[in-house]
J.: 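Structure in C-alpha cells, see below.
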Amino acid sequence: MSVRVRFAPSPTGGLHLGGVRTVLYNYLFAKHHGGEFIVRIEDTDQTRFVPGAEEYIFECLKWCGLDADESVKHGGDYGPYRQSERKPMYRKYAEALVADGYAYYAFDTPEELEKMRDENRSEENPSPQYDHRLRKKMRNSLTLTDDEVKQLLADNTPHVIRIKMPENDVVSFTDMIRGEVSFQTGLVDDKVLLKADGMPTYHLAVVVDDYLMKITHAFRGEEWLPSASVHLLLWKYLGWESSMPEWAHLPLILGPNGKLSKRDGAKYGFPVFAMNWKDPKTNELTEGFKEKGFLPEAFVNMLALLGWNDGTEKELYSMDELIADFDIKRVHSAGAKFDYEKAKWFNHEWVKRKDVRSMMYDVRSVLAAHDIVTDDDAKLEKIIELVKERCTLLTDFVQHAGFFFKAPATLDFEAFKPKWTEEKKQFFELFAGKLDNLSVWDLHSIEQLFKDLAAEKNIKAGELQLPMRIMLVGGKFGPAVFQIAELIGKEETVARIQKALAEF
RNA sequence: GCCGCGUUGGUCAAGGGGUUAAGACGCCUCCCUUUCACGGAGGAAUCACGGGUUCGAAUCCCGUACGUGGUACCA
C-alpha cells in the first residue's frame, strides 16, 4: 500500500516554524517512500476564520518547496480537502457511534457547562472535566429518558455528541518516535465529537478524514499526544482499527523561554513565521523568514536538522538529500530550542554554496527595495560572486553589493582620521588625475599606478588603502579595493575620490 | 491539582553497559589578509539530582526536581 500522509493546518493566522517543520517531516517521509503528501484544511471552527490565511499557507508551502500532491489547490480523488465542505459527511459517523453506545447526545448549554465547572472547581481540581463522573449529573441521553431525548431532538434542541470514554480502561499504541505510550481512559473527558452547529471537532474530523483519505501515517505536534487515546478509541469504535495509520508525535520547537510564540520573535528580533503575516483584523505585521532575507533552502535545511539527524556529521542538505536520508525514527523525542544564530549560519552556508544565477532575482529585489538599480545582469552576477561570502542574509547584499551601483551616502571618515595627513591628501588629488588618464582600466593597471605613485611620494601603499576604501565604499568592509575600482569604472572611481577629498 | 511527554556543554546534538563522551553553532586566541569576510590551527565549556541493578552506568530500573504539553462545542 502506498504511503499517504497529510498536513492539516487550521487557517487562523501565520504559519509558524513548528508548523513548517511538521509539513517538512510529512513531506520528506512521503517522498522518501514514494508516497503522497496531502494538505487538508481544518476549518471546522467558524468563529476562528481568518480571511487570507488559507491562501497564505499555500504561499508559504510554495516558497519552501513543499508542494502538495492533493489539496484544495491541487485537487485529488479524496476531496473535498476543506473540512467545512465535508460537513455533511460527519454526522452519520457520530450518529453511528451513538447507536452503538460509544457516544451520546448532550444538551447542556454553554451556561450550564460553565456552571458545572464553577461548582466543581477546587484547589485539587482546577479544571473539572465533563467525564464519566460528571456526565451522570448533566443533561444528556445517558441521564434523560429515551422519550425525553426523542422529544428534544424532534424539537431541534441544540445539542452536541460526546464520546463516552470508558471508566476503567487503558489504551496504548506505539508511536514511531516515542515507542509505547499508554493512557488511562478514565482520566480523559468525554470530548465533543460533533458540535451544536453540526461541524465536527478536530477529534472526529481527524479520524473520519484520515480514514476516508486513506492516510497511512499520521504526524502531528506533541500537543496532540494527550488526546490520542480519544482518536485511538474512535478508530476502534468506528470499526476501522485495521486501517488506522501509524502515529508519530513530533517534539515541540521552543523559544528562548519555553514555548515559541510570535511574541518571542518581536522580543528577540528573529522571525517565527515562514513569510510575513499581516493580521487582517489588527493590521499587525509579523515578520517572516523570507522577508528577513532567508533562502528557502536554508530555512528548510535548518528546520530539518532541528530535531533530526542522520547519525553522521552531515549538516548541509539539499531537499533531494533530505528526501533520500530522512528517517522518522531518528527524530528526537525531546523538544528543541530554536537558535537564531544557527539559523543564520545555515543561511550563510547556503548563500555561499548556491548558484549565483539562481540568486539574482532575490538579490535584485532586495537592492531595489533600497532604491538601488541593477540593470546590468553580467555585472550583478560578478558582484554577487564577489561578495556573497560576507552576506549572511539576503538583506546583507544591500551593504555589500549596494556601493557597486550607488555611491555611499556617508563616508566613515573616523576610520582613518588619526592617520590622515596633507601628504596623503595630495597623493589622492594626484592619483585621481592620473586615474583619469589611464588608458587601460583594469585591476592590474589601477593597482600599478597606485603603487608607483605611492613609492614616488614615499608613502606606504598600505596606509593609503584604507582611505581609498572609505572613499569608494564608505566603510571598512568589502572585497579588494582595486577590484572595486575596476568594477565601478573610471568615471565613478574618480568622482568618488574627488567628492571625498572635498569633504575631508 | 491531575495526566502525558521529555532532560548529554549557552544552543543543536552523536553515543544506548567498558569511549580521552564525536561533531556543528556561538564565544575566545592565533595564522592568512594593511578593510570586512572566507579559509586554516587551537581553546574554554556537558551526561539534572538521589537511590538502586552491575565487576563496571551518560547508557538499564525507581524516585525527586525541573521543563513542556494537555485538561474547550480551539486546533
Side-chain angles (χ1 to χ4, degrees), chain A residues 8-12 42-45 47-48 106 108-110 113-114 117 121-131 158-162 175 177-178 181-184 186-189 191-203 205-206 220-229 249 251-252 254 256-259 302 305-316 330 332-346 348-349 352 387-392 396 399-400 412 415-416 460-466 468-470 473 475-481:
Chain A
S10 59
T12 53
E42 307 239 346
D43 58 346
T44 54
D45 187 352
T47 64
R48 293 211 303 164
D108 317 276
T109 64
L113 288 175
E114 201 179 325
R117 294 202 174 96
R121 204 179 332 265
S122 67
E123 285 271 303
E124 262 77 79
N125 186 15
S127 36
Q129 305 190 112
Y130 199 123
D131 60 10
H159 64 275
V160 302
I161 292 179
R162 287 180 181 271
D175 187 280
I177 295 171
R178 291 154 212 281
V181 183
S182 59
F183 308 89
Q184 288 176 256
L187 264 16
V188 181
D189 63 334
K191 297 277 184 222
V192 169
L193 264 21
L194 197 73
K195 303 188 250 188
D197 64 3
M199 279 286 195
T201 58
Y202 172 85
H203 303 106
V206 73
R220 60 192 350 179
E222 192 185 347
E223 68 271 24
W224 291 108
L225 205 42
S227 53
S229 54
H249 290 87
L252 268 5
L254 309 170
N257 296 304
K259 197 187 176 185
M302 176 276 289
L305 271 285
L306 197 57
W308 170 84
N309 71 82
D310 72 355
T312 71
E313 287 177 13
K314 182 168 174 169
E315 290 196 279
L316 264 15
R330 281 198 65 93
H332 248 260
S333 51
K337 208 174 275 188
F338 170 67
D339 181 3
Y340 188 47
E341 293 306 319
K342 184 89 186 221
K344 285 193 292 190
W345 174 80
F346 273 108
H348 195 188
E349 291 303 312
K352 281 188 286 178
V387 305
K388 63 180 187 177
E389 70 195 21
R390 51 209 101 201
C391 294
T392 297
D396 293 336
Q399 185 189 53
H400 288 105
D412 183 10
F416 63 87
K460 279 189 203 157
E463 289 191 16
L464 293 163
Q465 278 198 31
L466 186 60
M468 170 89 168
R469 167 177 301 282
I470 303 294
V473 324
K476 288 171 73 172
F477 56 86
V481 254

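Quantities reported herein were computed from a predicted structural model and do not represent experimental measurements. Labels below follow one simple rule: chain letters A, B, ... track the order of the sequence lines, proteins then strands, and each chain is numbered from 1.
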J.: Just to verify, what does A/K388 make a salt bridge (charged side-chain N to carboxylate O under 4.0 Å, His left out) with, not counting sequence neighbours?
T.: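 In terms of salt bridge (charged side-chain N to carboxylate O under 4.0 Å, His left out), with neighbours along the sequence ignored, A/K388 is linked to A/E385.
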J.: Can you sort out the partners of A/H348 under ring pair (Phe, Tyr, Trp, His ring centres under 6.0 Å), two or more places apart, ordered by chain and number?
T.: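 Applying ring pair (Phe, Tyr, Trp, His ring centres under 6.0 Å) to A/H348 gives none.
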J.: Could you pull out all residues at least two apart from A/W345 that satisfy ring pair (Phe, Tyr, Trp, His ring centres under 6.0 Å)?
T.: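 Result, ring pair (Phe, Tyr, Trp, His ring centres under 6.0 Å) vs A/W345: none returned.
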J.: Which dot-bracket string describes RNA chain B (Watson-Crick N1-N3 plus N6-O4 or O6-N4, or G-U N1-O2 and O6-N3, all under 3.5 Å; [ ] crossing; | other strand)?
T.: (((((((..(((.....[....))).(((((.......)))))....(((((..]....))))))))))))....
J.: For nucleotides 68-72 of chain B, give me every protein contact, N/O to N/O, under 3.5 Å, one pair per line with atom names.
T.:
unit_1 : atom_1 : unit_2 : atom_2 : d
B/U71  : O2'    : A/Q129 : OE1    : 2.4

J.: Return the set of residues passing side chain to side chain contact (heavy atoms under 4.5 Å, CB included) with A/Q184 (not counting sequence neighbours), or none when no residue passes.
T.: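 Scan of A/Q184 (side chain to side chain contact (heavy atoms under 4.5 Å, CB included), adjacent residues dropped) gives A/V170, A/L187.
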J.: Mind checking what makes ring pair (Phe, Tyr, Trp, His ring centres under 6.0 Å) contact with A/F183, not counting sequence neighbours?
T.: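 Per chain and number, A/F183 pairs via ring pair (Phe, Tyr, Trp, His ring centres under 6.0 Å) with no residue.
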J.: Summarise protein proximity over nucleotides 43-49 of chain B in one line of letters, 5' to 3': B for base, S for sugar-phosphate only, - for none, counting protein heavy atoms closer than 4.0 Å.
T.: -------
J.: Please enumerate all residues that pass salt bridge (charged side-chain N to carboxylate O under 4.0 Å, His left out) together with A/R178, with sequence neighbours excluded.
T.: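 Salt bridge (charged side-chain N to carboxylate O under 4.0 Å, His left out) list for A/R178, sorted by chain: A/E222.
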J.: Tell me every residue that passes ring pair (Phe, Tyr, Trp, His ring centres under 6.0 Å) with A/Y202, counting only those two or more places apart in sequence or in another chain.
T.: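 In terms of ring pair (Phe, Tyr, Trp, His ring centres under 6.0 Å), with neighbours along the sequence ignored, A/Y202 is linked to A/W224, A/H231.
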J.: List the protein contact pattern of nucleotides 28-42 of chain B with one symbol per nucleotide (5' to 3'): B for base contact, S for sugar-phosphate-only contact, - for none; contact means a heavy-atom distance under 4.0 Å.
T.: ------BBBBSS---
J.: Quick one: side chains of residues 305-312 of chain A, donor-acceptor pairs under 3.5 Å with protein atoms, not counting sequence neighbours, listed by atom name and distance.
T.:
unit_1 : atom_1 : unit_2 : atom_2 : d
A/W308 : NE1    : A/D327 : O      : 3.4
A/N309 : OD1    : A/G311 : N      : 2.7
A/N309 : OD1    : A/R330 : NH2    : 3.1
A/D310 : OD1    : A/T312 : N      : 2.8
A/D310 : OD1    : A/T312 : OG1    : 2.6
A/D310 : OD1    : A/Y317 : OH     : 3.3
A/D310 : OD2    : A/T312 : OG1    : 3.3
A/D310 : OD2    : A/Y317 : OH     : 2.9
A/T312 : OG1    : A/K314 : N      : 3.1

